Amino acid sequence: QVQLVESGGGLVQAGGSLRLSCAASRSIFSTNAMGWYRQPPGKQRELVAGISSGGITNYADSVKGRFTISRDNAKNTMYLQMNSLKREDTAVYYCAASRGEYVSTGVYSWGQGTQVTVSS
């Protein structure tokens, strides 16, 4: 098990930027895939961006070119840089960890979530 804590959410105007952080309680990046999911109000949780244990990144089509996932192994922290935010990006964002090479193979640990609200 690993504890994950998100931070960096908030209220932002459309077109603005936010950076989310996910702090892990121990060093896991070498053996865990990581990812960011989001759940808009009334909708299902969806994968936004993932980074494999080897550092390969992938993105949902809806955020490609606007969001960037990264990690800092020394700090046990993963980031999601969100630019050109749209109202449709409004959601609770969750950090997630997987024991597989890719996070889409199955999540075993979730953060509590951080709210991102985009206004216009």
Side-chain angles (χ1 to χ4, degrees):
Q1 296 282 4
V2 62
Q3 286 73 52
L4 304 173
V5 180
E6 303 97 334
S7 62
L11 176 65
V12 64
Q13 292 289 111
S17 299
L18 284 174
R19 188 179 72 167
L20 305 183
S21 298
C22 172
S25 60
R26 60 182 176 87
S27 181
I28 60 170
F29 295 157
S30 64
T31 56
N32 281 247
M34 304 292 294
W36 289 96
Y37 288 74
R38 69 183 181 188
Q39 187 166 20
K43 296 184 178 181
Q44 295 182 340
R45 192 172 298 185
E46 63 179 354
L47 178 63
V48 175
I51 183 166
S52 77
S53 58
I56 300 171
T57 60
N58 61 85
Y59 301 90
D61 288 342
S62 59
V63 307
K64 194 172 297 183
R66 300 188 296 120
F67 291 10
T68 303
I69 187 171
S70 62
R71 66 188 187 190
D72 186 329
N73 292 350
K75 296 181 178 180
N76 297 329
T77 302
M78 179 180 65
Y79 304 96
L80 184 67
Q81 178 66 46
M82 305 185 294
N83 298 327
S84 302
L85 283 162
K86 306 174 181 179
R87 292 174 66 185
E88 293 75 24
D89 296 319
T90 295
V92 178
Y93 284 71
Y94 297 90
C95 178
S98 173
R99 294 186 179 94
E101 184 175 359
Y102 295 94
V103 70
S104 59
T105 62
V107 174
Y108 79 94
S109 184
W110 296 93
Q112 291 184 317
T114 185
Q115 176 71 47
V116 172
T117 302
V118 183
S119 63
S120 63

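Values in this document were obtained by computation on a predicted structure and should not be read as measured data. Along the sequence shown, residues carry numbers from 1.
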When every non-hydrogen atom of S109 is compared with those of L4, the smallest separation belongs to O-CD1, 3.5 Å
Answer yes or no: is there a side-chain heavy-atom contact under 4.5 Å between T90 and R38? no
The reported gap from OG in S17 to CZ in R66 (rounded to nearest 0.5 angstrom) is 10.0 Å
On a heavy-atom basis, the closest approach of S98 and T105 is OG-OG1, 3.3 Å
Open item on the list: Please check: side-chain N/O of D89 versus main-chain N/O of K86, any donor-acceptor pairing under 3.5 Å?
Closed with: yes
*asked:* Quick one: does any side-chain atom of R26 pair with a main-chain N or O of Q1 as donor and acceptor, under 3.5 Å?
replied: yes
Notebook entry, point to check: Does the side chain of I69 reach to within under 4.5 Å of the side chain of M78, using non-hydrogen atoms?
Noted result: yes
- Student check: side-chain heavy atoms of W36 and C22 closer than 4.5 Å: yes
Discussion item. Testing the 3.5 Å rule here: is there a donor-acceptor pair between the side chains of S53 and E101?
Written reply: no
Please assess L18 against L85 for the test side chain to side chain contact (heavy atoms under 4.5 Å, CB included), listing each intermediate value before the final yes or no.
CA-CA 8 Å; L18 284 174; L85 283 162; 4.2 Å; yes
Scanning both residues in full, the closest heavy-atom pair of A97 with V2 reads CB-CG1, 4.5 Å
**Prompt:** Taking the side chain from R87 and the backbone from V118, do they hold a donor-acceptor pair closer than 3.5 Å?
**Reply:** no
| message | With side chain to side chain contact (heavy atoms under 4.5 Å, CB included) as the criterion, how do L11 and S119 come out once you've worked through the C-alpha distance, each side chain's angles and the decisive distance to 0.1 Å? | response | CA-CA 7 Å; L11 176 65; S119 63; 4.1 Å; yes
Side chains of Q3 and S25: donor-acceptor distance under 3.5 Å anywhere?
yes
For T117, the side-chain hydrogen bond (donor to acceptor under 3.5 Å, both in side chains) test, sequence neighbours excluded, returns Q115
Answer yes if V63 and Y37 sit in the same cluster of Ile, Leu, Val, Met, Phe, Trp and Tyr residues linked by side chain heavy atoms under 4.5 Å apart, and no otherwise.
no
With sequence neighbours left out, the residues meeting ring pair (Phe, Tyr, Trp, His ring centres under 6.0 Å) with Y94 are none
By side-chain hydrogen bond (donor to acceptor under 3.5 Å, both in side chains), Q81 pairs with (sequence neighbours left out) N83
When every non-hydrogen atom of F67 is compared with those of V48, the smallest separation belongs to CD2-CG1, 3.6 Å
Here the gap from Y93 atom OH to Q39 atom CD, rounded to the nearest 0.5 Å, amounts to 12.0 Å
Discussion item. For Q112, I'd like to know if atom CD has over 12 heavy atoms of other residues, nucleotides or ligands within 6.0 Å.
Written reply: no
ask   = Can you check whether N58 reaches I51 side chain to side chain, under 4.5 Å on heavy atoms?
value = no
**Message:** Could you tell me if the side chain of L47 sits less than 4.5 Å from the side chain of Y59, heavy atoms only?
**Reply:** no
Donor-acceptor pair, side chain of S104 and main chain of Y102, under 3.5 angstrom: no
On a heavy-atom basis, the closest approach of P40 and A91 is N-CB, 3.5 Å
- Query: Can you tell me if E6 uses its side chain to pair, donor with acceptor, with the backbone of C95 under 3.5 Å?
  - Reply: yes
Is any side-chain heavy atom of V103 closer than 4.5 Å to one of M34? no
Measure the shortest side-chain to side-chain distance between I28 and N76 over non-hydrogen atoms and say whether it is less than 4.5 angstrom. no
Check: Do side-chain atoms of S21 reach the backbone of Y79 as a donor and acceptor pair under 3.5 angstrom?
Finding: no
Stepwise, does the side chain to side chain contact (heavy atoms under 4.5 Å, CB included) test hold for V116 with M82? CA-CA 10 Å; V116 172; M82 305 185 294; 3.9 Å; yes
With clusters defined by side-chain heavy atoms of hydrophobic residues (ILVMFWY) lying less than 4.5 Å apart, directly or transitively, does F29 cluster with L20?
yes
